[in-house]
Each structure stands twice: as structure tokens, then as C-alpha cells.
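Here is the naming used below: chain letters follow the sequence lines, and residue numbers restart at 1 for every chain. Being a predicted model, the structure only gives us computed values, none of them experimental.
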2 protein chains.
Amino acid sequence: MSTLNDVAREAKVSTITVSRVINNPEKVKPITRERVQRAMDKINYVQNPVAKALVSKRVGIIDVYVPESIDLSNPFIMHLLVGISEELSKQMYSFLIIRDRKHEHRCDGYIVTGLLKDEIHEMYQYALERKRPIALFGHTDNEEIDCIDVDNIEGVRMITEYVLQNGHKNLAMINVNEEKDYTLDRYEGYCRALQEAGNPSGEHVMYAENSVQGGYEAALRILRENNETTAMICATDIMAIGAIRAVTELGLKVPQDISVTGYDGLGHHLLSSPAITTVCQPVYEIGRLLAQTLLKRIRGEERGVKQSLVPALFLEHSVAGINKSKEDKI
Amino acid sequence: MSTLNDVAREAKVSTITVSRVINNPEKVKPITRERVQRAMDKINYVQNPVAKALVSKRVGIIDVYVPESIDLSNPFIMHLLVGISEELSKQMYSFLIIRDRKHEHRCDGYIVTGLLKDEIHEMYQYALERKRPIALFGHTDNEEIDCIDVDNIEGVRMITEYVLQNGHKNLAMINVNEEKDYTLDRYEGYCRALQEAGNPSGEHVMYAENSVQGGYEAALRILRENNETTAMICATDIMAIGAIRAVTELGLKVPQDISVTGYDGLGHHLLSSPAITTVCQPVYEIGRLLAQTLLKRIRGEERGVKQSLVPALFLEHSVAGINKSKEDKI
DNA sequence: CTTATAAATGATAACGTTAACATTACATTT
DNA sequence: AAATGTAATGTTAACGTTATCATTTATAAG
């Protein structure tokens, strides 16, 4: 591999002149510039970004930290990564997916996601020690951290309200059986909507694994325990797909007999037929925003901490009003 | 940020001794080692991997090149990335997703995917110039390139044969309307199975966009053009989901009236009810293998080019035998 | 107590680039 | 023609590490 020095020798100029041709061409006389260009072409020069990074202290890489507990092939993370990726590459940056932090890498900043409260604090310390900025997907009480989160409480409240407004009175929620922030938030949104509507028939929440199978089983349990139920608010689209399968297998129609709503809106809701009414977390946009914020922070263009809560988007597909024919069938 | 020199000064030894404590601790006397360790802890030393990379000429990063034409949020790429990621991080490597090659990075090798014939050649030249090894997901006639591919011809042949063995005689294929290798391979597999079975009713292929909607429309067209059809071989699971939706909407049952098979086996086949019989491309495993091969090549442990074709895995869920009740319904 | 040998440590240079400052060349003004 | 200013180019050092070879110190052998 040839170096700046090789080019310099070939073009009979000094190393720094070659460097200038690359980085500040306007500072080099056109004739010299040409000569250097030809020399570069001749010996097939390719810049060594490591050497450049050593002196400039910028590597052009962002570490995206996704803890091992999160499945990378999950569309949530995927869409986030796509958003991050597109914004970064637009600004000539790349990203590295980090699953554990044992192996030190050089990067210019961190984007982190899927962390619990104290993990966030730990990550913050880690970044601080290395004097690199951090941008978080999620929320935190640490007011020094730039972060963006989806307003999931409001998202679930909204879709529940919508179902209530369609005349449903006996709702049940299918939530994920993990004690995570996002699980609690969805429960909270569900409760708020019920309270606002005067809480017609109390809260019914069934917890299950976040999978098609989990949704399927939860729906069966709900219908067995309380066949008054006419609407199911699912905490994820995947669970909604399972719930619909269960309802259909019992000979009931979705949405005529039972309404089933999802949550996430990342593509799975379209795979069910009929497509599921859901709430979309604008994860792709959040990825881009996180990347933008971080790059601004790196360049010192961002002043003051940026913490924001973005709304979830309502995606209506099919929630029928209440239908009294159901009782006959079960 | 503190450097080796800072540690050296603190511990009253030379820089190189500190370096040895990190890289070859057995070459340093225990007492000195202890002292250096304490100094490192005291001033919170963190190695600078860029400087290390400059001299060692290893950066510990693999560039995974996914051209912009491929959607990153597609589960195929995702599973591949997960496989690559897990194998690399096990060996203390990281990876960088590259979407265009304009921005030069330092890496130790390339994993490439989704390239056309001449793009592969171009990429090979690119890697060669930089003296870095390359591992390809796909196949090529260039015998210098390590590569792994799925035997999709055999995969489609296998699932088609299975459908034929279940008594179906009027098959139709729903293929992707793009002129890519993988599209041609699937067509080829379908034809082979038909030929082996004596080609009872000729080839019927409908081309459509690779989406739920595409599969839906293709299935409708097939049933309109030829209502003898009792089985649809879809080139992707997503299209199969659409096809099932179309068949169901026409009042026909899957799989009793019409069998619908998928292809890919990356999760989507489970989202339909009933789950789709499909063929699984072991993409995760391939990702790991690619990473393994590449790292061996980097370390000089691999001799001779490694080109392999791995079989696709048959995943049976529900393909009923032919059912004569269909004609009454349409 | 030398001397030979091995273990531990150190001095220097190198990796390939850029920043900061220094010099030279050339054009413009007086 | 000398003085001044600016454009173009060059010299040196620095970034933080490791490799190579040199030196010192400790250990064992005679």
C-alpha cells in the first residue's frame, strides 16, 4: 500500500503538499495539483484512515450499543438501525453495532438503546470517562443525556380511547410478561383511557410472552374467563396476530365480533388479514434524529441538552363497532 | 485522556514496559507489573485502539457491504448480520455496515452480499487493491473468492416435489418480478421438480412484486386464469402470506382447497395461520460461517479457496393433499 | 568471585497522517 | 529597484502505540 510519502516522491513535492491536494485543494497551485493527482493515480494511492484518525482525533464511527438481551433481528431495532445508518452515511459517518463493551474501539460517540435505569447511568459514566457524547433511545432522569423516546403511554391511551369510542365496553389488554419500562407504560396508557371513559367494566390484563404463541394463548384465556369481552388491546403487533388467530379459531370474526388492536406498526400489522389497527412508533425517524443530534453534539453545534418525547402515530385499519351477534357463537 | 506515557511516568518505568504489561504481562516482573497496574488504575488509563491499529495494521473491524438496493430492515439481511455479529464478537471483532464505498474506512476484511456478477468482480478488485480478504454470500465464477451460498434451486425443487407427492397436479408458481440470480434459481428449481414428475400440466409462473400485496394480486390472477390450480409455490414467505389472503377471500380454504408454500423460513411463515410450509435458508449459520472463514483467512490459517453451497431446510407446516371439493366453491 | 546466561527493562525509530510554523517565490506597490 | 504583501510550498513535530535492538540486572554455573 502506497503512502503520502510515495506520492510526494513521485510528484517531486513534499508530503504536506499531497495532503493539501486531498484536504484543501484550493491551497495548491493548479499545475502542482495536477501533477500530484497524476502521481496519486499512477501509484494507486489510498488514504490510510487510521493514521488520519490518530492525528485528527475523529474516526468517523459511531458505536451503537445494543445489549445482548435484545434480539438484533427484531424489527424494532432494525428500523432504528436503518434510520441511524441513513442519517450517518449522509454525513460520511459509519456505525458499529456493539453488543458488549469488553473490546475497546475508537468511536466519536455512542447511541444506546434498550437499557435499564442503572445501565444508563453506567453507560453515561463510561462515555464521560472517554469524553464522548451519548444519545439515548429512551428516557432518563439524568438531565445531562440527550434522549428521545416515544410517548407510549399516550400511544396506548389513544388506541384504547379509539376502541372505546367505537362502542366497546368490555375491553381486555394483552401485555408482555416482562417488567420493563415499556410494559408499564402500555399498562398505564390503557388505564388512563379507561379512567377517562369512566372505567365501564374495570381493567382486565392478561400477561404473556411477546410472541404469536403468547398472544394466542392469552386471547384464549381471556375468552374463557370472560366471554363478555369484545375488544383486545395488545401490547405488540405480534401478540395481536396470535390473538386474532385464537379468536378466528373459535369461530368468531375479527373485527365484527371482536376487535383486536396491535402496537408497534413496524410491518407485522400488515401481515395479518385483515391488517391490524395499530399505533406506529416512528422508530426510523427516531434513529435519524438520534444520529443528527449526536453528530451536532460531536461538532459542538448543539448547545443545551435535548430531551424529547415523540408521539406515536395512529394507523387505522379495521376496528368494527360492537356487534351483538357474538354471544350466539361462543 | 491519559496515555501509555502518563502511566509510565506515574509508575516510574518506560513506556514500553507499560505496553508489555498490557500485551505480554508474563514478560514483566510481578512487582513491576503490580506497580504499573496500580498506576493504570489510578489515572484511569484506556488504550487508544487507533494508535494500536496504526502500528499493528489490524483494526479489529470487518466491513459488511450491503448495497443500497437492499433494504436493511429485511429479515434476510438481519439474520445474516446477527450471525456475522455473533461470530465476530466471539473473536473480539466488530463489524461496520457499509452502504456505499465512497467513505474509506480501515478494516481487516470484507463480507459482501446482494451483489450482481459484475459488482462482485468490482468489489474483488477493490479488496485486492487494499490487500484485504473478502467473503461473499452468493456464488461466483471467480475461483479466488471464498463464498457460501444456499442451494436455492434444490430448495425450491424439494418443496415443489413435496407438493407434487401430495397429489397436486396443477401447480402455479408466484415468483419475484426482478431479474436477479435468486429469482432465476427459484424458477429453475420449480421446473426441475416438474420435469422429474413428468411435467403433468406445464409450467405456470406469475411474476409480481415481492410483497404481501404482490402475492395477493398474483394469486388472484392465477385463480382467474386457471381455476384448476390446487397449489401455489411462492418464491417468498411474504408473497405466500398475500396469496393465502387472496385464496381465503375467495372463500377457499388453505390448505384443504389450495396448498400454498413459501420460501425463506425467517419468521414470517409463522405469522400466517395456519403457518406456512416453507424452506428455510440457514442465513444465520451462513453469517457465522462467513465470519469464521474470513477471520481464518485474515490470520493466514485458511489455505485454498473455500466455496460452498449449503442446503436449504425443509420446514413442514401444512400442505394438505388434493381435495376435490374445490371446484364447487369457485 | 568471576563468568556465562537468562530475565527484565529501556532507547530509539517507525506506523501515515496533519497542524503549526517557516520559508520561498512571485506579484504589486511605491 | 526596493519594499511589501500574498500565494505556494516546505520543515518539523506530534498523535499513541509497538518492534527492534541495546542495555542493565538478576541468576546460575564453574
Taking C-beta and beyond as the side chain, do [X] and [Y] meet within less than 4.5 Å on heavy atoms?
| X | Y | answer |
| --- | --- | --- |
| K117(B) | D141(B) | yes |
| C107(B) | L96(B) | no |
| D264(B) | Q281(B) | yes |

Check: Which pairs with one or both residues in residues 46-68 of chain A pass side-chain hydrogen bond (donor to acceptor under 3.5 Å, both in side chains), sequence neighbours excluded?
Finding: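 For residues 46-68 of chain A, and leaving out neighbouring residues, the side-chain hydrogen bond (donor to acceptor under 3.5 Å, both in side chains) pairs sorted by first residue read N23(A)-K52(A).
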Item checked: Whole angstrom value for the distance that separates P of dA7(C) from CD1 of I31(B) ->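 Rounded to the whole Å, the gap is 16 Å.
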Margin query: If I take atom CG in residue L4(B) and atom C1' in nucleotide dG10(C), what distance separates them, rounded to the nearest angstrom?
Written below: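 Result: 14 Å.
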Check: Which of residues 35-57 of chain B have a heavy atom under 4.0 Å from DNA chain C?
Finding: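 Residues of residues 35-57 of chain B under 4.0 Å from DNA chain C: L54(B), V55(B), K57(B).
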Check: Near DNA chain C, which residues from residues 9-27 of chain B have a heavy atom under 4.0 Å away?
Finding: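 Within residues 9-27 of chain B, the residues near DNA chain C are V13(B), S14(B), I16(B), T17(B), R20(B).
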Notebook entry, point to check: Is E34(A) salt-bridged to R38(A), cutoff N-O under 4.0 Å?
Noted result: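 Between R38(A) and E34(A) there is a salt bridge, with a charged N closer than 4.0 Å to a carboxylate O.
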Look at atom [atom1] of [X] and say whether more than 12 heavy atoms of other residues, nucleotides or ligands are closer to it than 6.0 Å.
| X | atom1 | result |
| --- | --- | --- |
| E143(B) | CD | no |
| H121(B) | NE2 | no |
| E179(A) | CD | no |

Notebook entry, point to check: Taking 5' to 3' order, which nucleotide of DNA chain D is first and which is last to have an atom within less than 4.0 Å of a heavy atom in chain A?
Noted result: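 Extent of the interface on DNA chain D: dA8(D) to dG16(D).
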Check: Who passes ring-ring contact (aromatic ring centres under 6.0 Å, His included) against F137(B), sequence neighbours left out?
Finding: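 F137(B) satisfies ring-ring contact (aromatic ring centres under 6.0 Å, His included) with F76(B) once adjacent residues are dropped.
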Could you list the donor-acceptor pairs under 3.5 angstrom formed by side chains in residues 293-308 of chain A, with sequence neighbours left out?
unit_1	atom_1	unit_2	atom_2	d
T293(A)	OG1	L289(A)	O	2.7
R297(A)	NE	D146(A)	OD2	2.9
R297(A)	NH1	E302(A)	O	3.0
R297(A)	NH2	D146(A)	OD1	2.8
R297(A)	NH2	D146(A)	OD2	3.0
R297(A)	NH2	G304(A)	O	3.0
R299(A)	NH1	Q91(A)	OE1	3.2
R299(A)	NH2	Q91(A)	OE1	2.7
Q307(A)	NE2	N142(A)	O	3.2
Q307(A)	NE2	I145(A)	O	2.7

